[in-house]
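Counting starts at 1 for both ligands and their atoms, following the listed order.
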Amino acid sequence: MSNALDVSWLIQKDRIHSDVYLDADIFEREIDILFSRHWISIGHEGEIPGHGDYRQRLIGRQPVIFLRDDSGTVRVLMNRCTHRGNAVCQNERGNSKGFTCSYHGWRFRLNGELATVPFPDRYGGDFDKSALHLRQPAQVASHRGFVFATLNPDEVPLTEWLGPRVLAELDDIADLSPLGELLVNAGVHRLKFRANWKLMIENAIDGYHAGSVHRSYNESIAARTGVNLASLATSSAPARIVDLGNGHCAWDSRALLAAGAKSLPTMQSKGDAARAYEAALIERHGKDRAAHLLSKSGSHLYIFPNFSYVGSHFRLFQPVSASETRVQLFPILLKGAPPDINARRLRMHEGFYGPAGIGGQSDDIEIFERNQLGLAARTDPWSIISRGIHLETRHDDGTVSGQITDELSNRTLWKRWRDLMTQPSEESAPCAR
Ligand code: FES
Ligand code: FE
């Protein structure tokens, strides 16, 4: 990748060029810059509740182990033996007391320390085990259990990368639990599709597609429940898209619920579980904040570049190539909530996004692959993202919002993409330790 690659002209305020989805050099630059030099989401602490629990993850293309050590500390370790580079962790997930390299048997503790090496007598006196711990990313930080990492020691602090509005959104998600703690122990759905990863992040906060792509889902819900989901994403629907800064954005569903929409599990239920849940939230947070949290329980959040939260789950995007993407979807349950509330969250997630769901895979994933196919026709290589550009609202607190069917989220993330992707290229950032 050379500095000569100019991507700035590919992103204009109202249109983007097909190369950003198709070009292999641009993809490599994304891995080098977006996924290696800046913060990316690694997962949530709720995935690894027990000492020794671990998950394999990637930072760009670099394998890491996301784990909780035997003191309870959540860590991210590079999955590379400090002897000759073998991956020390083979399983995608599991629980372990440590990691023994299968090549020559070096054994590492959960905190990354090199514990033992076979036949140490053949090393000289300057052999220093304490200098051969598993390496770790330059920075690891979390907020309300959401863990992020970067390979870049000079990257800004996570709080600055996220900004106060995203931090507040994460607080709102975590505080949906009456105990302020999320459970991420209901399993994971894995997707892969033959299309560029950014086609899915564009879709993370996109109300415009819901009426057409999800028409069959909307019709089935209407037939079963009488709820008209299609009305939630018309050009007159009150829900807003909010630019949260730094490429992050949200779908704020509060106005929908204020207008009487009944699309969410906690809203649908008027039974004992819903009353108990609401009472528990009021007891913890007070009446006003509890009402605020409940009104946002259907909102979406996108954190640049690889995280989105969609009401009942969060997902991590993993680019494989310019035309292949993998995604993991993690249902979120609420610690301390009545079992019926959590069961409803899980059923809602499965119904739309699960392996047999009729929304996420059969609808959206199919569209991403069709989109990738169409983008290859390049007599006119531009995609238009101008919808609602003249109707954006700038608020007193500095935020900008648009109507739910507008393309504000596209403009937000593509501006951030251009700003970061036009940084000068450098050698890969080092790791700490
Ligand atoms: Fe790990 Fe040799 S490569 S012990
Ligand atoms: Fe969709």
Fit a plane to each ring of Trp414 and Tyr21, take the angle between them on a 0 to 90° scale, and name the class: parallel (under 30°), tilted (30 to 60°) or perpendicular (over 60°).
perpendicular
Just so I know, are the side chains of Leu316 and His44 near enough to count as touching, which here means a heavy-atom distance under 4.5 Å?
no
Measure distances from atom 2 (Fe) of ligand 1 and count the protein N, O or S atoms below 2.8 Å.
2
State, without any angle test, whether Asn95 and Asp53 hold a side-chain donor-acceptor pair at a distance under 3.5 Å.
yes
Using the side-chain contact (heavy atoms from CB on, under 4.5 Å) criterion, which residues pair with Ile365? Sequence neighbours excluded.
Leu191, Phe193, Met200, Gln361, Phe368
Are side-chain heavy atoms of Phe127 and Leu132 found at a separation under 4.5 Å?
yes
Provide the closest heavy-atom pair for Arg57 versus Ile42 in the form atom of the first, atom of the second, distance.
NH1-O, 2.8 Å
Ignoring water, what protein N, O or S atoms are under 2.8 Å from the Fe ion (ligand 2)?
His209 NE2, His214 NE2, Asp364 OD1, Asp364 OD2
Taken in chain and number order and not counting sequence neighbours, the residues that satisfy side-chain contact (heavy atoms from CB on, under 4.5 Å) with Arg84 are Tyr103, His104
Give the ring-plane orientation class for Phe148 versus Phe307, where under 30° counts as parallel, over 60° as perpendicular and anything between as tilted.
tilted
For a 4.5 angstrom cut-off between non-hydrogen side-chain atoms, does Asp128 reach Asp126?
no
